[in-house]
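Just so you know, these numbers use all the heavy atoms, side chains as well, and skip hydrogens, waters and symmetry mates. These numbers come from a predicted model, not from an experiment.
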Amino acid sequence: IGMCLCAHPINAQSVIPVPLKMEQGTGSFLLSEKTKLYTNLQGEEAILLGDYLKTALPVQFKEGKKKDKQNVLSLLITEKKPQLVSPESYILSVTPEHILIQASSGAGLFYGIQTLLQLSQPSDTGYSIASVEVQDTPRFAYRGMMLDVPRHFFSKEFVKKQIDALAFYKLNRLHLHLTDAAGWRLEIKKYPLLTEFAAWRTDANWKKWWNGGRKYLRFDEPGASGGYYTQDDMKEIIAYAQQHYITIIPEIEMPAHSEEVLAAYPQLSCSGEPYKNADFCVGNEETFTFLENVLTEVMELFPSEYIHVGGDEAGKAAWKTCPKCQARIKALGIKGDKKHSAEAYLQSFIITHAEKFLNGKGRQIIGWDEILEGGLAPNSTVMSWRGESGGIEAAKQHHDVIMSPNTYLYFDYYQSKDVEQEPEAIGGYLPLERVYSYEPMPASLTPEEQKYIKGVQANLWTEYIPTFSQVEYMELPRMAALADIQWTNPEHKDYQDFLQRLVRMVKIYDVYQYNYAKHVFDVTARFEPNAETGTVDVTLSTVDNCPVYYTLDGTDPTTASQLYTEPVKINT
């Protein structure tokens, strides 16, 4: 049994995600109460960035002027720098006299600030930042993280804390999975039963509820468990996200994962009865009226160009015997073939209908890769979750793609094979190293087809994640690996280098009181048979070469135990 003890200093090489170019200088800048803050950014955006800096680095800056050259932090909007190839690009220069962040937009300045925060170390009189020159731009324009709130509901305060974490790693999309059988989580004024009834269930724990009858209660009935975001709550969350240059993408599931809707409004199901169906009745005109009314209120709330419509895991069984659905199939002239059943083509019909409605309002749809079945709606973006094949197929058809394969980016999977020591998870095994190894640009695509890979997203489904702290435990530090995948050029990625950066940065998790998995600090043991000595030689290591103490009798080691200095030879 081994243990390691080590301190982890932060320096200029600890930035996550890795910048495009970064050169260490000499000396450092001392940021203190005497430091002046100057920006040529105008209006509310300038105020918000200034307030953000003062909160992140608790310093009351003096007001600076354009001519200031000493002890000043300058945030400058400029269009004249060829290095600023996108609105999210930035240039950061730190010398002992001056900190200068340049960008062509507030978003670029914000990302420069994130790098600055990661380089800042507390000192006796303020914060010390090592001299450095950084030129940086993201690899992908879409950098997302999905949080599932129907299975277990999380407060708006926690969602804001999630936004803080995303912003720190320069993610710019928070995909909120808002509706599912386990609960409807967004106030829709036209359909009050969605939040008076469909947002509340008989057990707070999803697993007990799922295996125990899957019933719903009114919000005021004894034992009702659940919750939802009022429209005012969501406006507050959206505004907070916008201040962090994050777009919230809402997901409203269709046609499947809709048991909660059909329990509240059973006329939208094929049977007309609650608790009988999971899929909307596609033969019922009232279904389309309902979805259009819901999407209208969603669009009034969310400024996101994308609206996620789900589209995954539709059973379609009821459609086969539903007179209305079969009449719809006949009226549309739909025929099953070797590729897909008639019911699969019927799913394509409802997704295409949603797309046309959203397109008419200036919005675009994203759907899980099942929306490929039966034919893609013309302008749809595919989120590839069942591996990469759906994304590859969509890109070949010249549709935009967000890569989100469960094989690399499902953070509800176990982080360790020693599952008895882990909180219960849905299954799978996704250690940090595997997350980091993901390359989202499929080599099988031509350069022209690769242009349709617009971004990368990790997903956190919460069936087995009932608490705030467990959400953080499952995300961190895997979100740090995600950040390098999304932002960093692949030639600059290196797992061992990443570990060194990560080891120094976990202090920040402690400062902001995020719960995180600590597997990266485990002592690694390599066992090698030695034929010459007749022993098994055990080599111990840690990511940061900490002192390791060990025992051979099964007792827990302490600093009074044997200090590891060379491979241990086991001969018994």
Side-chain angles (χ1 to χ4, degrees), residues 146 148-151 175-186 188 191 194 198-199 201 206 209-210 214 216 250-284 286-288 290-292 294-295 298 307-322 324-326 328-329 334 340-355 357-358 365-377 380 382-386 390 404 406 410 426 459 461-463:
M146 188 280 291
D148 167 37
V149 297
R151 275 58 179 265
H175 169 183
L176 283 182
H177 181 248
L178 290 166
T179 72
D180 203 282
W184 182 284
R185 302 302 184 204
L186 180 67
I188 302 296
Y191 298 99
L194 292 174
R201 60 187 192 231
W206 175 88
W209 174 80
W210 186 256
R214 308 180 200 179
Y216 308 93
E251 179 178 354
I252 305 297
E253 283 272 17
M254 64 183 77
H257 287 276
S258 300
E259 291 95 324
E260 85 289 14
V261 178
L262 304 181
Y265 297 97
Q267 68 271 26
L268 302 178
S269 70
C270 290
S271 68
E273 299 178 35
Y275 303 112
K276 287 287 183 71
N277 304 123
D279 304 338
F280 283 109
C281 179
V282 186
N284 186 349
E286 194 174 343
T287 292
F288 296 92
F290 171 85
L291 291 174
E292 289 180 7
V294 168
L295 291 173
V298 167
I307 306 294
H308 203 299
V309 297
D312 60 311
E313 300 181 327
K316 312 180 189 72
W319 298 352
K320 295 178 181 180
T321 57
C322 172
K324 290 181 180 179
C325 289
Q326 291 301 309
R328 176 83 71 185
I329 287 172
I334 292 174
H340 302 293
S341 67
E343 288 72 29
Y345 287 114
L346 189 61
Q347 170 162 320
S348 179
F349 170 76
I350 191 173
I351 297 298
T352 300
H353 182 96
E355 181 189 70
F357 178 74
L358 291 168
I365 72 164
I366 297 182
W368 301 109
D369 55 54
E370 284 95 333
I371 67 173
L372 284 158
E373 298 167 9
L376 268 175
S380 57
V382 170
M383 191 165 276
S384 185
W385 75 273
R386 296 177 298 177
S404 188
N406 59 337
Y410 265 41
I426 199 167
N459 298 325
W461 302 101
T462 63
E463 287 95 334

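- Just one of E313, H177, E251 meets the side chain to side chain donor-acceptor pair (under 3.5 Å) condition when paired with H257; it is E313.
- When I334, L346, I350 are each tested for a side chain to side chain contact (heavy atoms under 4.5 Å, CB included) with R328, only one passes: L346.
- Looking only at distances, no side-chain donor or acceptor of D312 sits under 3.5 Å from a matching main-chain atom of D369.
- At least one donor-acceptor pair under 3.5 Å links the side chain of T287 to the backbone N or O of C281.
- For G310 against I371, the heavy-atom pair with the smallest separation is O-CG2, 4.0 Å.
- Expressed to the nearest 0.5 Å, how far CZ of F357 lies from OG1 of T352 amounts to 15.0 Å.
- Of the N and O atoms on the side chains of E253 and W184, not one donor lies less than 3.5 Å from an acceptor on the other residue.
- In this structure, a donor-acceptor pair under 3.5 Å is absent between the side chains of Q267 and E273.
- Remark: the backbone N or O of P150 is paired with a side-chain donor or acceptor of R185 at under 3.5 angstrom.
- A pairwise comparison of heavy atoms in G390 and L372 identifies O-CD1, 3.4 Å as the closest pair.
- For Y345 against G374, the heavy-atom pair with the smallest separation is CD2-O, 3.2 Å.
- We find the OG1-CG distance between T462 and D148 to be 3.5 Å, quoted to the nearest 0.5 Å.
- Between A198 and E260 the shortest heavy-atom distance is CB-O, 3.4 Å.
- Salt bridge annotation for R151-D180: present, with a cationic side-chain nitrogen under 4.0 angstrom from a carboxylate oxygen.
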(message) Apply side chain to side chain donor-acceptor pair (under 3.5 Å) to residues H353 and E292 and explain how you reach the verdict.
(response) CA-CA 10 Å; H353 182 96; E292 289 180 7; 2.8 Å; yes
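- Using a 4.5 Å heavy-atom cutoff, the side chains of C270 and C325 are in contact.
- Atom CD of residue E286 and atom CZ of residue F280 lie 11.0 Å apart, to the nearest 0.5 angstrom.
- Judged by distance alone, the side chain of S380 and the main-chain N or O of L376 form no donor-acceptor pair under 3.5 Å.
- L186 is not listed as a side-chain neighbour of P250, based on a closest heavy-atom distance of 4.5 Å or more.
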(message) Between Y216 and W209, is the ring-ring contact (aromatic ring centres under 6.0 Å, His included) condition met? List the steps.
(response) CA-CA 10 Å; Y216 308 93; W209 174 80; 5.7 Å; yes
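- Looking only at distances, no side-chain donor or acceptor of K320 sits under 3.5 Å from a matching main-chain atom of A318.
- Atom-to-atom distance recorded for L295:CG and I307:CD1 is 7.5 Å, nearest 0.5 angstrom.
- Ring to ring, W385 and H308 are not that close: their centroids are 6.0 angstrom or more apart.
- A side-chain donor-acceptor contact under 3.5 Å links S258 to the backbone of A256.
- Look at E373 and R386 and you find a salt bridge, because one of the NZ, NE, NH1 or NH2 atoms lies within 4.0 Å of a carboxylate O, short of that distance.
- In this structure, the side chains of F290 and V261 come closer than 4.5 Å at one or more pairs of heavy atoms.
- No side-chain heavy atom of W461 sits less than 4.5 Å from a side-chain heavy atom of N406.
- Counting heavy atoms from C-beta on, the side chains of E370 and Q347 come closer than 4.5 Å.
- Ring to ring, F288 and F349 are close: their centroids are under 6.0 angstrom apart.
- Looking at heavy atoms from C-beta onward, V309 lies in side-chain contact with L358 at the 4.5 angstrom threshold.
- Rounding to the nearest 0.5 Å gives a distance of 10.0 Å between CH2 of W368 and OG of S384.
- Considering CD of E355 and CD1 of I365, their distance stands at 4.5 Å, rounded to 0.5 Å.
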